[in-house]
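What follows is one structure encoded as structure tokens, with my remarks underneath.
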Amino acid sequence: MSSQVKYIFVTGGVSSSLGKGIIAASLAKLLQAQGYKTTIQKLDPYINVDPGTLNPYEHGECYVTNDGAETDLDLGHYERFLNVPTSQANNITTGRIYQSVISKERKGEYLGKTVQVIPHITDEIKQNIKFLSEQNKYDIIITEIGGTVGDIESLPYIEALRQLRWEMGEENLIVIHLTLIPYLSAAKELKTKPTQHSVKTLMESGVQADILVCRTEHELRQGIREKLARFCNVNSDCVIQSLDVNTIYDVPNYMYREGLDKVVLKKLKLEYSEPNLKSWNLFLERYKNPKGSVKIGLIGKYIELQDSYKSILESFIHAGAINEVGVEVVPVHSEHLNSGNVHEKLRFFDGVLVAPGFGERGVEGKIEAIKYVRLNRIPFFGICYGMQMAVIEYSRNVLNFSDANSTEVNPNTKYPVIDLMENQKNIINKGGTMRLGTWECSLKENSLCHSIYESNKINERHRHRYELNNKYLSKLQDNGLIASGINDETNLVEVVEIKDHPWFVGVQYHPEYQSTVSSPHPLFVSFIKAAIKNNI
Ligand code: GLN
């Protein structure tokens, strides 16, 4: 490992959901804005090998990287903040660690030895942590340990951290502890005790926090900061306040004002310079001062939880800012949509997006929504399952294939216009076996997509098992549904559109994974433009 690579670990205390991912991404942004090549890694303590087998209710969206890793949604934040792609190496789970150790054991790599949490599991964790620094691509690696200090399942990670700190030294590895300072309204007081305890719990594992980032709903007075510093063994300039802000995109500026980047670089003995946040702030200015607004209906079945469609919601923020409009995204539950209420539920929208998804639930509502926006010439954006539903809708209502469907929903349909991909037919295991990651797609000249991307070839990320059944392609095309994007190697249809519609695009891939603050995705940008037009 090159010795110059510096590590910043981020642990969490007192409560979950404090936003370690956002703090990590914001710090990374500030370091990147000073010229440091920075990446972030997430260590997840659960036993799933990856979050691909978890449903969005459990874990929010599953974020897919270029190399086809199904990862934690925090990696989406990292990419959106930094505009640097992540990979499988940026997300490790306990399941992955054990899987690797057990397969080594079976191969006989530890022959004669008892395989144990220490050293075998911790060595495997350390190896995975060091792997990123061996690539000689980064100056600083921020490693976020999921969960909360004191959890049984995160102990091996904390132990690996202790060992690494011992090996690398305090100048090369520092620890930021993100904690909560609760406010007792009856006593009108902020309380430091839970933080003292979580810092102590960390110390019981041999790890001293260097910096405390304190989530709080009220200003931390100097007295509280000093108290925290004294009881937790940190310098008083290392007690960083993190009040709630309006948007996650405010956090880098907030952390800058609090001096988080300054103390981090001081501890790591690296040079500090003023971060250049010009383009970031331009985005913020546009985002916060929209000149108009559009209303977008998001049709899906996981709408109760914000995190389920995280990347889509963020892509709308990026696309709205560059178009200088506010995008109000209104979730519509596909299960509650039918021909009787679709007009009432969708008529106020300037555009409608039908979300990705799996399984039977809510499918008919999605199809109903697509029929409505197609006939009423409302801009339509279908992503993955949303694109497949558009093909089904067109087959049923234009081609008159009355029971057309995906074999995912109805294996016995007479018209399987969406069918399992050939190379999926013999796959039994569910984990990591979909068509995943980046694949190339050729765009047809004179198509809407071609003019949006301004390119003949694009690369987009995927996560699906089913595809448009090419047996029906010529019938669909003869009747006006154009396949404007194709994967040349497999002939798989990647994009469909309708010519005489203001904006009707269905994509088999997930453009939302590639939209970032500095590079909003062209499809989202164009969709919002069409919605603005529709609104006038
Ligand atoms: N269920 C569909 C498939 O597997 C779509 C997946 C998705 O929307 N990500 O092909």
Side-chain angles (χ1 to χ4, degrees), residues 63-70 79 85 87-88 311 315 354 356 380-395 399 404 406-408 415-427 432-499 501 503-515 519 521-527:
Y63 185 79
V64 179
T65 57
N66 281 330
D67 61 346
E70 296 177 282
E79 290 204 15
S87 68
Q88 180 64 72
S311 294
S315 301
V354 176
F380 163 75
F381 195 0
I383 297 185
C384 207
Y385 219 20
M387 171 267 198
Q388 297 177 356
M389 292 304 132
V391 173
I392 295 169
E393 190 279 319
Y394 212 80
S395 307
L399 272 55
S406 164
T407 49
E408 179 176 357
Y415 301 104
V417 291
I418 304 291
D419 199 8
L420 200 58
M421 283 180 276
E422 205 45 50
N423 54 11
Q424 286 282 333
K425 289 190 173 154
N426 296 321
I427 289 176
T433 55
M434 282 189 245
R435 178 171 181 255
L436 290 164
T438 297
W439 296 93
E440 198 180 68
C441 163
S442 298
L443 297 178
K444 236 183 220 153
E445 274 180 42
N446 298 323
S447 65
L448 175 61
C449 278
H450 191 271
S451 72
I452 292 171
Y453 279 97
E454 296 175 337
S455 175
N456 295 326
K457 293 232 189 281
I458 56 165
N459 284 287
E460 292 280 4
R461 301 184 196 172
H462 298 73
R463 184 171 188 248
H464 65 120
R465 285 187 209 283
Y466 294 80
E467 63 176 337
L468 192 152
N469 186 344
N470 274 326
K471 209 175 109 189
Y472 297 97
L473 184 57
S474 56
K475 261 249 157 68
L476 286 162
Q477 302 228 71
D478 291 348
N479 285 281
L481 190 81
I482 299 149
S484 56
I486 305 274
N487 176 288
D488 289 329
E489 254 170 63
T490 57
N491 270 333
L492 183 140
V493 175
E494 297 272 15
V495 191
V496 295
E497 52 186 77
I498 297 176
K499 246 211 170 111
H501 187 284
W503 209 98
F504 190 103
V505 176
V507 291
Q508 183 58 80
Y509 49 81
H510 292 263
E512 72 274 23
Y513 294 144
Q514 292 211 81
S515 186
S519 179
H521 195 284
L523 280 179
F524 278 89
V525 176
S526 171
F527 177 59

Ion pair Arg463/Glu512, N-O distance below 4.0 Å
no
Restricting to ring-ring contact (aromatic ring centres under 6.0 Å, His included), what partner residues turn up for His450, sequence neighbours left out?
none
Who are the side-chain contact (heavy atoms from CB on, under 4.5 Å) partners of Asn66, not counting sequence neighbours?
Pro85, Thr438, Arg461, Gln514
Ser455: what forms a side chain to side chain donor-acceptor pair (under 3.5 Å) with it, not counting sequence neighbours?
none
With Glu467 via side-chain contact (heavy atoms from CB on, under 4.5 Å) - residues at least two apart
Met421, Leu492
Heavy-atom side-chain proximity of Glu408 to Arg465 below 4.5 angstrom:
no
Could you work out, with salt bridge (charged side-chain N to carboxylate O under 4.0 Å, His left out) as the rule, every residue matching Glu460, not counting sequence neighbours?
none
Note: Thr407 and Tyr466 closest approach over all heavy atoms is OG1-CE2, 3.5 Å
Start with the C-alpha distance between Ile458 and Tyr509, add both sets of side-chain angles, then the distance that settles side-chain contact (heavy atoms from CB on, under 4.5 Å), and finish with yes or no.
CA-CA 11 Å; Ile458 56 165; Tyr509 49 81; 3.6 Å; yes
Which value, rounded to the nearest 0.5 Å, describes the distance between Ile383 atom CD1 and Ser315 atom OG?
7.5 Å
Least distance between heavy atoms, Val505 atom then Cys449 atom:
CG1-SG, 3.9 Å
In Å and rounded to the nearest 0.5 Å, what is the CD to CG distance from Gln88 to Leu436?
10.5 Å
Test side-chain contact (heavy atoms from CB on, under 4.5 Å) applied to Pro522 - qualifying residues, sequence neighbours left out:
Ile452, Tyr453
A quick test of your reading: do over 12 heavy atoms of other residues, nucleotides or ligands sit less than 6.0 Å from CG of Asn446?
no
Using the test ring-ring contact (aromatic ring centres under 6.0 Å, His included), find all partners of Tyr513 that sit at least two apart in sequence or belong to another chain.
Tyr63, His510
Looking only at atom types and distance, does a side-chain atom of Gln477 sit under 3.5 Å from a main-chain N or O of Ala483, one as donor and one as acceptor?
yes
Minimal non-hydrogen separation, Lys425 against Asp419, with atom names
NZ-OD2, 4.0 Å
Sequence neighbours left out, what pairs pass salt bridge (charged side-chain N to carboxylate O under 4.0 Å, His left out) with at least one residue falling in residues 444-459?
Lys457-Asp488
Under a 3.5 Å distance rule, please check whether Gln424 uses its side chain to pair with a backbone N or O of Thr433 as donor and acceptor.
yes
Those residues that, when tested against Asp67, pass side chain to side chain donor-acceptor pair (under 3.5 Å) (two or more places apart)
Thr65
Shortest non-hydrogen separation from Pro511 to Phe524 and the atoms involved:
CG-CE1, 4.0 Å
Evaluate the side-chain proximity of Leu468 to Gln508: yes if any heavy-atom separation is below 4.5 Å, no if none is.
no
Partners of Ser451 by side-chain contact (heavy atoms from CB on, under 4.5 Å), sequence neighbours excluded?
Leu448
Output for pair (Glu393 CD, Gln388 CD), nearest 0.5 Å, gives 14.5 Å
With distance as the sole test, does Asn487 use its side chain to make a donor-acceptor pair with the main-chain N or O of Val493 at under 3.5 Å?
no
By the definition side-chain contact (heavy atoms from CB on, under 4.5 Å), identify the one residue from Ile482, Asn479, Leu481 that meets it with Ile498.
Leu481
dist Phe380:CZ -> Phe527:CZ (nearest 0.5 Å) comes out at 8.5 Å
Any Ser395 side-chain heavy atom under 4.5 Å of Tyr415 side chain:
no
Tell me every residue that passes ring-ring contact (aromatic ring centres under 6.0 Å, His included) with Tyr385, counting only those two or more places apart in sequence or in another chain.
none
Answer yes or no: is there a side-chain heavy-atom contact under 4.5 Å between Glu497 and Ser484?
yes
Tell me the closest heavy-atom pair linking Asn491 and Asn470, and the distance in Å.
O-ND2, 2.9 Å
Counterpart residues, side chain to side chain donor-acceptor pair (under 3.5 Å), relative to Trp503 (two or more places apart):
Ser526
